[in-house]
Amino acid sequence: MNKSIKKALAPIASLKLTVLLFVLSMILIFVGTIAQKEIGNWQVVNTYFRSLWLMMPIGIAGIKVPFVGGYTIGGLMVINLIAAHIVRFKLDEKRIGIILTHAGLIMLIVGEVLTGLFAVEWQMRIEEGQTVNYAIDIRSVELAIIDPSPEDHDDVVVIPESILERHNNGLTIHDERLPFDVQVLTWMSNSSVLAPRFAPPDGRTNPARSGIGRTIQVIPAPPVSGVNMNGLDAPSAYIRLSKKGQELGTYLVSLNFEFIADETRQAVTVDDKTYLIELRYVRDYKPYSITLIDFKHDKFIGTQIPKNFSSEVRLVDPTTGEDRPALIYMNHPLRYRPLNSRGETMYQSSYIGDTTTVLQIVRNPSWIVPYVACAIVSIGLSTHFGLMLIKFVGRARR
């Protein structure tokens with residue numbers, strides 16, 4: 001290769017840059033791990049490791065400094081490694097092991113980037129005897145405005161969490177698709193229910209004047225940390241609804257209703273037509289449906305520790321004519337490829353009580369990349385150490 005090109009690439013191929021990148025990655029991993037005490041795991045992953053840069057707290061009076069994110073460090077590592085091969089390494093049979101090992105490492109980094117960009121994970125919660133055709137994303141919520149008047153379906157318009165949060169403190173959301181305007185009085189990314197003994201007896205300080213919120217109040221709560229394995233944020237909002245300047249009521253919408261109220265949806269009447277409003281997890285509707293026939297939950301004798309849990313289900317997909325039973329249990333997922341899809345995998349993730357299963361729905365087009373990368377790394381290391389062993393034995397005999 002041209003000497004001028006090698007000279008230009010020399011700083012990029014520097015071993016000092018390699019060491020610097022490793023130090024930066026260790027700092028990022030350390031601070032990201034500590035951050036799980038304050039924020040959730042997915043927020044840590046997206047903020048620290050699946051980002052180009054971030055404002056990193058240094059633990060002094062809330063001071064934050066700019067720092068490189070995981071994508072930037074990984075990309076620079078790939079560039080540094082390729083440049084090092086161009087500048088320093090020769091392509092011959094003696095170095096085939098090193099080349100394969102480095103190729104596998106590059107593939108691992110690329111695979112993580114592809115997973116972060118294209119992989120999705122959802123949950124499907126099903127009670128025995130229930131049929132469900134949608135999955136939920138427990139990391140984000142939406143405000144659903146539902147028109148139940150059609151006989152065979154519901155007409156639904158949703159407002160994403162990002163818009164609700166952006167319109168906090170009294171801003172109004174207006175859209176032609178909405179049957180009324182939504183003014184977000186207070187948005188809470190996480191909330192807890194105010195105990196009845198602390199609630200005002202006559203509700204005078206309660207912002208809600210309609211619906212479930214007249215008897216239930218919530219207060220802001222800190223985000224659930226990553227060390228709380230069973231905890232989830234429960235967003236809430238106080239909203240005021242209006243139509244052409246006429247107020248329809250002030251409501252509390254909350255994920256807490258799922259645990260403390262008999263009904264999570266609230267009725268709003270506009271022009272003699274009734275709509276339902278609900279703050280819920282974001283839904284992803286599927287072309288197929290899953291019916292839970294039987295859920296089994298085995299425990300170790302004399303304890304409440306789960307030994308095994310499994311779901312006997314029936315999958316029905318009208319678009320493909322698919323109609324078949326399946327048994328999903330730990331380490332035995334159900335793989336299915338709907339039309340116009342690269343395939344979804346359904347894992348037995350968890351359960352709620354004794355009759356509700358929680359399935360994890362995963363779609364990851366690059367799922368095979370880490371396996372291939374690890375195989376290449378293993379072959380590369382075996383080849384390299386094998387060649388070194390042969391060389392060592394040859395020298396010993398001489």
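All figures in this text were calculated on a predicted structure; none of them were measured in a lab.
- Between R314 and D323 there is a salt bridge, with a side-chain nitrogen of the basic residue lying less than 4.0 Å from a carboxylate oxygen of the acidic one.
- Side-chain contact, T264 with E278: a donor N or O sits under 3.5 Å from an acceptor N or O.
- Side-chain contact check for Q348 and S311: at least one donor-acceptor pair (N or O, by modelled atom type) lies under 3.5 Å.
- Judged by distance alone, the side chains of Q360 and E121 do bring a donor and an acceptor atom under 3.5 Å apart.
- Screening K243, R240, H174 against D181 for a side-chain contact (heavy atoms from CB on, under 4.5 Å) leaves a single residue, H174.
- Between L359 atom CG and R125 atom CZ the span is 11.5 Å, to the nearest 0.5 Å.
- Of all heavy-atom pairs spanning I109 and G74, the tightest one is CG2-O, 3.9 Å.
- The aromatic rings of Y288 and Y336 sit perpendicular, their planes meeting at an angle over 60°, well past the 30° parallel limit.
- Side chains of Y281 and R283: a donor-acceptor N/O pair is absent below 3.5 angstrom, by distance only.
- In the model, Q36 has no side-chain atom that pairs as donor or acceptor with a side-chain atom of S225 under 3.5 Å.
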Return all side-chain donor-acceptor pairs below 3.5 angstrom for residues 327-334, not counting sequence neighbours, or 'none' if the list is empty.
from, atom 1, to, atom 2, distance (Å)
H332, ND1, L327, O, 3.4

Only distances under 3.5 Å count here; give the side-chain donor-acceptor pairs of residues 164-172 to other protein atoms, sequence neighbours excluded, each with its distance to 0.1 Å.
from, atom 1, to, atom 2, distance (Å)
H167, ND1, I163, O, 2.9
N168, OD1, W187, N, 2.8

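- Using cut-offs of 30° and 60° on the angle between ring planes, the pair F309 and F295 is tilted.
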